[in-house]
Structures are given as C-alpha cells and as structure tokens.
Protein chains: 2
Amino acid sequence: MAHPTQTAPAPLGRRERRKLEVRERIYLAAHALFDSKGFDATTVDEIASAADVAPATFFNHFQNKHALLEMMADGVIETLDDLTARHLAGSASSAERLRALIRSASDEIRPRRRVARLVLIEFIREAGPDQPSAYLDRILEPFAALIEEGQRAGDFRDDHDAAFLAQMAVGMLNSAIARWLSDPDSPVEQGLVEVTEFVLNVLQRPSEPT
Amino acid sequence: MAHPTQTAPAPLGRRERRKLEVRERIYLAAHALFDSKGFDATTVDEIASAADVAPATFFNHFQNKHALLEMMADGVIETLDDLTARHLAGSASSAERLRALIRSASDEIRPRRRVARLVLIEFIREAGPDQPSAYLDRILEPFAALIEEGQRAGDFRDDHDAAFLAQMAVGMLNSAIARWLSDPDSPVEQGLVEVTEFVLNVLQRPSEPT
DNA sequence: TCCAACTTTGGAGTAGACTCCAATTTCTCT
DNA sequence: AGAGAAATTGGAGTCTACTCCAAAGTTGGA
C-alpha cells in the first residue's frame with residue numbers, strides 16, 4: 001500500500017528533503033496508531049510525539065487530523081492503480097486477471113484491516129453533499145479498465161458498458177469486504193473467493209432479453 | 001421513515017409521557033438539523049435549544065451526539081422491515097415485489113438525503129473492529145426474505161442461498177445509492193431502476209456450470 | 001560569513017463534546 | 001396537602017482539535 005508522500009524525485013535541497021521526511025514520519029506514526037487504536041482514540045498529541053515533533057508542528061504539515069485519512073485514501077487508490085496496471089499487462093484470461101487483481105488487493109488490505117476500514121468509510125464520507133465523489137469514481141476506474149479489456153476480448157458481456165458493470169462488481173465486492181473488515185475472524189479468503197466467482201459468473205454470462 | 005421513539009403504547013403516567021415527549025422533541029430537532037447542516041456542523045447546544053431544553057438535558061436522554069445517529073439507523077431498519085412485510089403480503093410476482101420494495105425505499109430516502117447519507121455511513125462505521133456488524137445483517141434480512149420467497153416460487157436462482165444473493169443484491173444497490181446520495185442532482189430514479197433491473201436479471205438467471 | 005527565508009516550537013486561547021454536581025422544579029402517591 | 005422520587009437546569013471543569021503568534025533554530029545563497 002504505497003502512500004503518496006513520495007512524489008518529486010530529484011532536485012530537492014536538504015530543506016525540502018527534511019520537510020518531506022518529517023511529513024513522512026508523521027504520516028507513518030499516524031498510520032500505525034490508527035491501525036492499532038482507531039482514529040477517534042488517537043490523539044494529535046500522540047501522533048506528534050510518536051513522530052517526535054512538537055504538537056504544533058503537526059499542523060504545519062496537515063490541515064487537520066482528518067487530512068491524514070484523505071492521504072491514506074489516496075494511497076489506497078494509487079496502490080490499486082498500480083496493481084491494475086500490473087495485471088492488465090499480463091496475458092492471462094480476463095477471468096484470471098480479475099481473480100488476480102482481487103487477490104492482490106486483498107493481500108494489500110489484510111495486514112492493515114483497521115486502516116482499511118477507516119479508508120472505506122472515508123470513501124463514502126468524502127463525497128460531501130455538495131461535490132461529486134472523487135474517490136468512488138477513481139475506485140471504479142481500474143475495474144472498469146479490466147472489464148472493458150474483457151469485453152473487447154469477448155469474454156465479458158457487453159449489454160452494459162464497462163463503467164456500469166464495474167460499479168456492480170465493486171458493489172458486490174464491497175459488501176463482502178465491508179463484512180470482512182468488521183468481523184476480524186471471518187474467513188475473508190473464502191468469502192472473497194465466493195464473491196469473486198459470483199461476479200465472474202455475472203460478468204461472463206451474456207444477457208438474454210427478459 | 002418511522003423513528004423508534006414510539007414503543008410502549010398504553011400504561012404511561014404523565015411523567016414518562018413527558019419524558020418521551022422531550023426525547024422525541026430532541027430527536028426531531030436533531031434530525032432536522034442534521035439534514036440541513038450535516039452532523040459535524042450541528043452543535044449539541046443548537047439541538048438543545050431547537051428542542052427547547054437546557055443543554056444539560058440533552059445528555060439525560062442520549063449518551064452522546066452520536067447516539068442520535070444510531071437511533072436514526074434503527075429507524076431506517078424498522079421502516080425497511082415494515083415495507084418488506086407489506087410487500088411480501090402482496091401477491092405480485094417476485095420481480096414485481098422487489099421492484100416495489102426498492103421503489104418504496106427510494107421514496108422514503110428521497111426527502112431525507114442528507115440524513116440517509118449519515119445513516120449509511122453509520123451502518124458501515126458501527127461495526128467496530130471488535131464486534132460483528134449488527135446493522136449490516138439486519139439490512140440484509142428483508143431482502144433475503146424476499147429472495148427466499150422468490151426461490152420457493154421458482155422465480156429466482158437457487159444455486160446460492162438467499163442470504164448470499166441478498167448480500168450481492170444489496171451490494172449492487174448500495175453502490176448506486178451511495179453515488180446518488182453524494183450527488184444531489186443525479187437522477188436516482190433512473191439509475192436505481194437500471195440497477196434494479198440488472199439485479200433482477202442476475203437473480204433470475206439460473207447459473208450454468210462455468 | 002552573514003542575511004533572508006523558512007521551519008520548528010512553546011504558549012496562550014477558542015470552541016465544542018461531555019462529566020459532575022447541587023439546586024430547583026415537576027410529578028406521583030398517600 | 002405534603003413527602004419522596006425523578007427530571008430539569010445552571011455552572012464549573014476536563015479533554016481534544018485547532019488557531020494565532022512571537023521566539024528560536026536551520027538552511028541556502030550572496
């Protein structure tokens with residue numbers, strides 16, 4: 001799960017390097033704390049002292065505590081994009097690609113359950129009643145790409161466009177993931193596999209007029 | 001959208017009646033405020049004064065601000081149960097029943113978009129990383145009941161049990177609703193109808209071995 | 001080397017959620 | 001009517017997120 005703090009690569013003075021370093025330290029400290037204690041139970045002061053900076057410094061780097069979640073959400077999306085790019089490159093069948101993507105995604109999530117939950121909530125919450133959701137669309141993109149690819153190959157139904165099918169697929173996966181995320185002991189692997197197969201079944205079957 | 005504050009019907013002294021009245025007043029005030037300003041932007045003091053009680057009184061009735069959301073979530077589930085009971089009673093086809101249920105549900109939600117969003121988030125959030133989600137299961141129940149009915153009638157596929165299919169159906173509907181809730185101007189009617197038809201298509205089509 | 005720009009930091013201060021408590025009001029029951 | 005239980009209320013106090021500011025430290029460049 002890449003986090004977005006590593007962007008500009010080359011021409012950085014010691015100054016900016018330090019700054020990024022601090023920012024990164026805060027981010028990582030927060031990530032660890034959120035994952036172990038949850039968001040609400042984690043104090044800005046705790047984050048600051050875990051990152052070994054003064055409390056005031058925190059606000060030099062992040063507008064507020066919530067901004068950390070947004071950054072983590074960005075990280076998730078980046079990771080998802082990376083995974084998709086990797087799996088699209090491969091030459092397996094459409095179904096196998098989707099399976100692989102979902103397997104990879106679940107591998108990413110597993111060790112960071114708690115943060116994953118927070119991010120999932122963030123995805124829904126972020127879409128304030130005023131602006132269209134940014135995350136939700138970006139989450140769909142990778143799936144849509146993969147499905148479109150599958151449609152072109154003739155593997156997936158094309159009575160709906162890829163975006164719509166992606167939304168349906170993500171919806172189904174989501175409900176499985178949501179359940180998993182909230183129940184620490186549930187057998188994700190198994191549940192997720194079942195849902196994945198169902199999704200494939202739905203995607204593959206061409207529609208007949210009702 | 002019934003709210004759960006109306007339970008015990010008969011033997012109430014003036015005292016308990018007053019108490020429920022106050023509770024109800026606070027609940028309604030909060031509901032209105034949440035719907036117009038959102039949760040975070042609404043102050044406990046505001047709620048109290050809108051309900052015409054002292055700020056301290058608020059905490060006599062609700063453990064905290066968040067408890068109001070939980071109560072609203074309960075209300076949603078109750079409403080959903082009611083709707084389902086009503087629609088199960090009817091004698092239409094399985095497909096028609098599902099369409100009717102979803103239509104009713106969307107009618108309930110439409111005038112309370114903002115609160116609906118909060119409640120949706122609550123559904124996901126509530127499942128703390130420690131206890132299994134209570135709401136998520138209860139949300140599925142009505143759909144599962146309806147689907148099971150359809151399976152018995154031979155209208156729906158039965159290669160998976162009703163609970164699983166319900167989860168898939170709710171997942172798909174959810175992703176449509178989530179999108180709608182965050183985009184004030186999106187044509188819910190249309191999107192929801194499209195998704196509903198897709199869900200029906202998925203439910204009706206019996207699976208063939210892959 | 002020294003200045004200007006930027007960062008960190010401590011400290012004071014605000015707002016809102018929530019607790020605790022004692023005084024007061026409201027109801028119930030006799 | 002009057003005692004006792006329960007609810008309301010105001011007030012003081014805590015905790016945390018977050019803002020503002022001035023002092024002090026760090027860095028890059030002339």
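Lettering follows sequence order; numbering is per chain, from 1. Being a predicted model, the structure only gives us computed values, none of them experimental.
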Novice: Between B:Y135 and B:E70, which heavy-atom pair has the shortest distance, and what is it?
Specialist: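 B:Y135 and B:E70 have their closest heavy atoms at OH-O, 3.2 Å.
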Novice: How far apart are the closest heavy atoms of A:T84 and A:L101, and which atoms are they?
Specialist: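 Nearest heavy atoms, A:T84 then A:L101: OG1-CD1, 3.9 Å.
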Novice: Please work out which residues in residues 53-62 of chain A have a non-hydrogen atom less than 4.0 Å from an atom of DNA chain C and list them by number.
Specialist: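 Those residues are A:V53, A:A54, A:A56, A:T57, A:N60, A:H61.
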Novice: Does NZ or CZ of B:R23 come closer than 6.0 Å to the centre of the six-membered ring of B:F62, within 45° of the ring's axis?
Specialist: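 The answer is yes, since B:R23 meets both limits relative to B:F62.
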Novice: Within this structure, what is the CZ-to-P distance between A:R23 and C:dT7, rounded to whole angstrom?
Specialist: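 Interatomic distance, CZ of A:R23 to P of C:dT7: 12 Å.
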Novice: When the distance from CG of A:N64 to C1' of C:dA15 is rounded to whole Å, what number comes out?
Specialist: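 Whole-Å distance recorded here is 15 Å.
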Novice: For B:E96, check side chain to side chain donor-acceptor pair (under 3.5 Å) against everything at least two apart and list the hits.
Specialist: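 Testing B:E96 for side chain to side chain donor-acceptor pair (under 3.5 Å), a comparison that skips the adjacent residues, returns B:R99.
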Novice: Measure CZ/B:R18 against P/C:dC27 and give the value in whole Å, please.
Specialist: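 It is 5 Å, rounded to the nearest whole Å.
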Novice: Starting at CG of B:D40 and ending at P of C:dA17, how long is that distance when rounded to a whole Å?
Specialist: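 Distance check: B:D40 CG to C:dA17 P gives 9 Å.
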Novice: Any side-chain heavy atom of A:L120 sitting closer than 4.5 Å to one from A:N174?
Specialist: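 A side-chain contact exists here, since the closest heavy-atom pair is under 4.5 Å.
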Novice: D:dA7 C1' sits how many Å from B:R17 CZ, rounded?
Specialist: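 It is 16 Å, rounded to the nearest whole Å.
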Novice: Consider only side-chain N and O atoms of B:R110 and B:S106, and report whether a donor and an acceptor are under 3.5 Å apart.
Specialist: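 The answer is yes; a qualifying pair exists.
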Novice: Nearest whole Å is fine: how far is D:dA17 P from A:D45 CG?
Specialist: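 Interatomic distance, CG of A:D45 to P of D:dA17: 7 Å.
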Novice: Output the rounded distance in Å from CD (B:E16) to C1' (C:dC29).
Specialist: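 From B:E16 CD to C:dC29 C1': 13 Å.
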Novice: Rounding to an integer number of Å, can you tell me how far B:K19 NZ sits from D:dA5 C1'?
Specialist: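 It works out to 12 Å between those atoms.
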